[in-house]
Amino acid sequence: MTAKKPSEQKLIEEMAHHAGITINGKGPFDIQVKDPKFYRRLLSGGSLALGESYMDGWWESDSIDEMINQLLRADLKDKLRPTFTLAFNFCKAFLLNMQSKKRSHKVVDDHYNLGNDLYEVMLDPTMAYSCGYWKRAKTLQEAQEDKFEIIAQKLGLKPGMRVLDIGCGWGGALKYMAEKYQIEGVGVTISENQASFGKELCKGLPIQIKLQDYRDLKGQFDRIYSIGMFEHVGPDNHLTYMKKAHSLLKDEGLFCLHTIGGNKECNTGDPWIHKYIFPGGVLPAPTQITKAIRGLFTLEDWHNFGTDYDKTLMEWYKRFDAGYDQLKERYPERFYRMWKFYLLCCAGVFRSRQAQLWQVVLSKGRLSNRDSFNFRPYLS
């Protein structure tokens, strides 16, 4: 007589079946369960339990990225009984402002200050930690430099302009802009690791890298851009952020906001990502951006190339996986599994179109000749 399966296992198997995934099947994105406690843990803990149980070695999949894509495209919450939504409860309301000045340093300590050695292995020589632009690029470095280029073209950079990079990372974008367009640049970050690296990277160029919160910025700039930082600002601070950018931008200036975005409004991010990768990170929805710019900026252009993030993340994973041997003394096996799950899970999210990548060009509505700006510079 065949033993009766526990109810939790049956529920998870049914849920996976709706997404085209077989538990303990032979397909590339099937899930191989190594510990039977996985089923109950997943049902009670949702996406947090999915990630943590992978970190603990309770399940495997040859293609986590495609597994996540299949699960999200299946839109299980609309097909299954309410019980199943417990397993993928991605948004919960938080009353606290998770991106206050004090709390904003947590993501820096937990993520960006992990160690430049990790990022030098995973990223290309530009040290760009954001979505590349893959229209013509053949390599990760080319994709990142093309991303810098389309931002420069959208902003209409010219020699001598004073340009601000809000959340400048390791300084690669400013270096590119200064070398190619002869601008004077200021970059701000609250990561000591990024600031020290960026100062060395940009040595000899008319660039200042400041260890400073964006809320403390002062001055006037011809152009402003921000790449992959707005996701850390949080809904409670969207208006504060836009007011600050508005006060820093000259009347005929332009501001390019490069940000990941979500299809629906949320007050917090995925529980696993929040706990292990980006504390306090929240993907803005289009309505949240337009609400924040209302009365401040004119929307000049909105460009979505979110599918390029899938390819960028897969390139990062390949580099991280190939270079892990030189990192494992500092980053143990459980970190490897955490980082692998993070990169591949996010690739699946972008592949499923649940997350987007937007470049939004804003002005104060005082451009003398809008036609002179190349807001949609698709590289050939």
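As a basis for the values below, the full set of heavy atoms in this structure was taken, side chains included, without hydrogen atoms, waters or symmetry mates.
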Checklist outcome for this item: Taken to the nearest 0.5 Å, the spacing of Cys131 SG from Leu313 CG works out to 8.0 Å
Checklist entry - Has Lys364 got more than 12 heavy atoms of other residues, nucleotides or ligands less than 6.0 Å from its NZ? => result yes
Next on the checklist: Looking at Arg334 and Asp56, would you say the former's side chain and the latter's main chain have a donor-acceptor pair under 3.5 Å?
Outcome noted: no
Item to check | Check: Lys244 side chain, Leu217 main-chain N or O, donor-acceptor pair, under 3.5 Å | outcome: yes
Checklist entry - For Ile166, does its backbone N or O pair with a side-chain atom of Ser226 as donor and acceptor, under 3.5 Å? => result yes
Checklist entry - Taking the side chain from Asp222 and the backbone from Arg162, do they hold a donor-acceptor pair closer than 3.5 Å? => result yes
Item to check | Side-chain donor-acceptor contact under 3.5 Å, Asn69 with Ser352 | outcome: no
Checklist entry - Does Gln32 reach the main-chain N or O of Gly25 with its side chain, forming a donor-acceptor pair under 3.5 Å? => result yes
Checklist entry - Just how far is it from atom CG of Asn263 to atom CG of Leu283, taken to the nearest 0.5 Å? => result 9.5 Å
Next on the checklist: Let's go through Tyr133 and Gln144 carefully: what are the C-alpha distance in whole Å and the side-chain angles of both, what is the deciding distance for side-chain contact (heavy atoms from CB on, under 4.5 Å) to 0.1 Å, and is it a yes or a no?
Outcome noted: CA-CA 6 Å; Tyr133 187 67; Gln144 297 295 2; over 6 Å; no
Next on the checklist: Tell me whether Gln212 contacts the main-chain N or O of Asp216 through its side chain, where contact means a donor paired with an acceptor under 3.5 Å.
Outcome noted: yes
Checklist entry - Looking only at heavy atoms, which two atoms of Ile183 and Pro206 are closest? And how far apart? => result O-CG, 3.5 Å
Checklist entry - Can you say whether the rings of Trp170 and Phe197 are parallel (under 30°), tilted (30 to 60°) or perpendicular (over 60°)? => result perpendicular
Checklist entry - Only one of Arg40, Arg41, Lys37 clears salt bridge (Lys or Arg N to Asp or Glu O under 4.0 Å) with Glu8; which? => result Arg40
Next on the checklist: Is the ring pair Phe305/His258 parallel, tilted or perpendicular, if the boundaries are 30 and 60 degrees?
Outcome noted: perpendicular
Checklist entry - Between Asp117 and Tyr331, is a side-chain hydrogen bond (donor to acceptor under 3.5 Å, both in side chains) present by the stated rule, with each step listed? => result CA-CA 11 Å; Asp117 56 345; Tyr331 304 93; 2.8 Å; yes
Next on the checklist: Ring-plane angle category for Phe38 and Trp59, please: parallel below 30°, perpendicular beyond 60°, tilted otherwise.
Outcome noted: tilted
Item to check | Spatial distance of atom CG (Leu72) from atom CD (Gln354) [nearest 0.5 Å] | outcome: 5.0 Å
Checklist entry - Once the angle between the rings of Phe341 and Trp272 is folded into 0 to 90°, is it parallel (under 30°), tilted (30 to 60°) or perpendicular (over 60°)? => result perpendicular
Next on the checklist: If the condition is side-chain hydrogen bond (donor to acceptor under 3.5 Å, both in side chains), which residues does Glu179 pass it with, not counting sequence neighbours?
Outcome noted: Lys175
Item to check | Point-to-point distance, once rounded to the nearest 0.5 Å, from NE2 of His246 to CG of Leu362 | outcome: 10.5 Å
Next on the checklist: What verdict does the salt bridge (Lys or Arg N to Asp or Glu O under 4.0 Å) test give for Glu333 and Lys328, after you've listed the backbone C-alpha separation in whole Å, the side-chain angles of each residue and the deciding distance to 0.1 Å?
Outcome noted: CA-CA 7 Å; Glu333 175 70 14; Lys328 60 186 179 183; over 6 Å; no
Item to check | Reported OH-to-OG1 distance for the pair Tyr176 and Thr126, which is rounded to 0.5 angstrom | outcome: 11.0 Å
Item to check | Pi-cation contact, Phe255 with Arg223 (under 6.0 Å, within 45°) | outcome: no
Next on the checklist: Using only atom types and a distance under 3.5 Å, with no angle test, would you say the side chain of Glu52 pairs donor to acceptor with the backbone of Ala49?
Outcome noted: no
Next on the checklist: Can a donor-acceptor pair be found, under 3.5 Å and without considering hydrogens, that links the side chain of Gln359 to the backbone of Ile150?
Outcome noted: no
Item to check | Step-by-step side-chain hydrogen bond (donor to acceptor under 3.5 Å, both in side chains) determination, Tyr225 to Asp165 | outcome: CA-CA 5 Å; Tyr225 64 86; Asp165 183 335; 3.0 Å; yes
Item to check | hydrophobic_cluster_shared for Leu201 and Leu211, side chain cutoff 4.5 Å | outcome: no
Checklist entry - Taking all non-hydrogen atoms of both residues, which atom of Ile68 and which atom of Cys345 are closest, and how far apart? => result CG2-O, 3.7 Å
Checklist entry - Between Gln70 and Arg73, does a side-chain hydrogen bond (donor to acceptor under 3.5 Å, both in side chains) hold up when you go through it step by step? => result CA-CA 5 Å; Gln70 293 291 119; Arg73 285 189 178 275; over 6 Å; no
Item to check | Parallel, tilted or perpendicular, as decided by the 30° and 60° cut-offs, for the rings of Tyr342 and Trp339 | outcome: perpendicular
Item to check | Pair Glu315-Lys318, salt bridge (Lys or Arg N to Asp or Glu O under 4.0 Å): steps then yes or no | outcome: CA-CA 5 Å; Glu315 288 296 315; Lys318 290 176 188 175; 3.6 Å; yes
Checklist entry - Closest heavy-atom contact between Ala152 and Met177? => result CB-SD, 3.7 Å
Next on the checklist: What verdict does the side-chain contact (heavy atoms from CB on, under 4.5 Å) test give for Lys199 and Lys203, after you've listed the backbone C-alpha separation in whole Å, the side-chain angles of each residue and the deciding distance to 0.1 Å?
Outcome noted: CA-CA 6 Å; Lys199 288 175 182 178; Lys203 186 179 291 185; over 6 Å; no
Next on the checklist: Show, in sequence, the C-alpha distance, side-chain angles and deciding distance for Tyr317 and Asp65, and conclude whether the side-chain hydrogen bond (donor to acceptor under 3.5 Å, both in side chains) test is met.
Outcome noted: CA-CA 11 Å; Tyr317 169 67; Asp65 50 305; over 6 Å; no
Next on the checklist: Which residues pass the side-chain hydrogen bond (donor to acceptor under 3.5 Å, both in side chains) test with Tyr181, not counting sequence neighbours?
Outcome noted: Glu149
Next on the checklist: Determine whether Met229 and Val233 satisfy the following criterion, side-chain contact (heavy atoms from CB on, under 4.5 Å), listing intermediate values before the conclusion.
Outcome noted: CA-CA 7 Å; Met229 183 269 189; Val233 169; 3.8 Å; yes
Checklist entry - How close do Val33 and Asn24 get, heavy atom to heavy atom, and via which atoms? => result N-OD1, 2.9 Å
Checklist entry - Which heavy atom in Met314 sits nearest to a heavy atom in Ala347, and how many Å separate them? => result SD-CB, 3.7 Å
Checklist entry - Ser61 side chain to Asp30 main-chain N or O, any donor-acceptor pair under 3.5 Å? => result yes
Item to check | CA sep, side-chain torsions, deciding dist, call: Leu118, Leu327, side-chain contact (heavy atoms from CB on, under 4.5 Å) | outcome: CA-CA 7 Å; Leu118 168 65; Leu327 297 171; 3.9 Å; yes
Checklist entry - When you measure from the side chain of Arg319 to the backbone N and O of Glu120, does any donor-acceptor pair fall under 3.5 Å? => result no
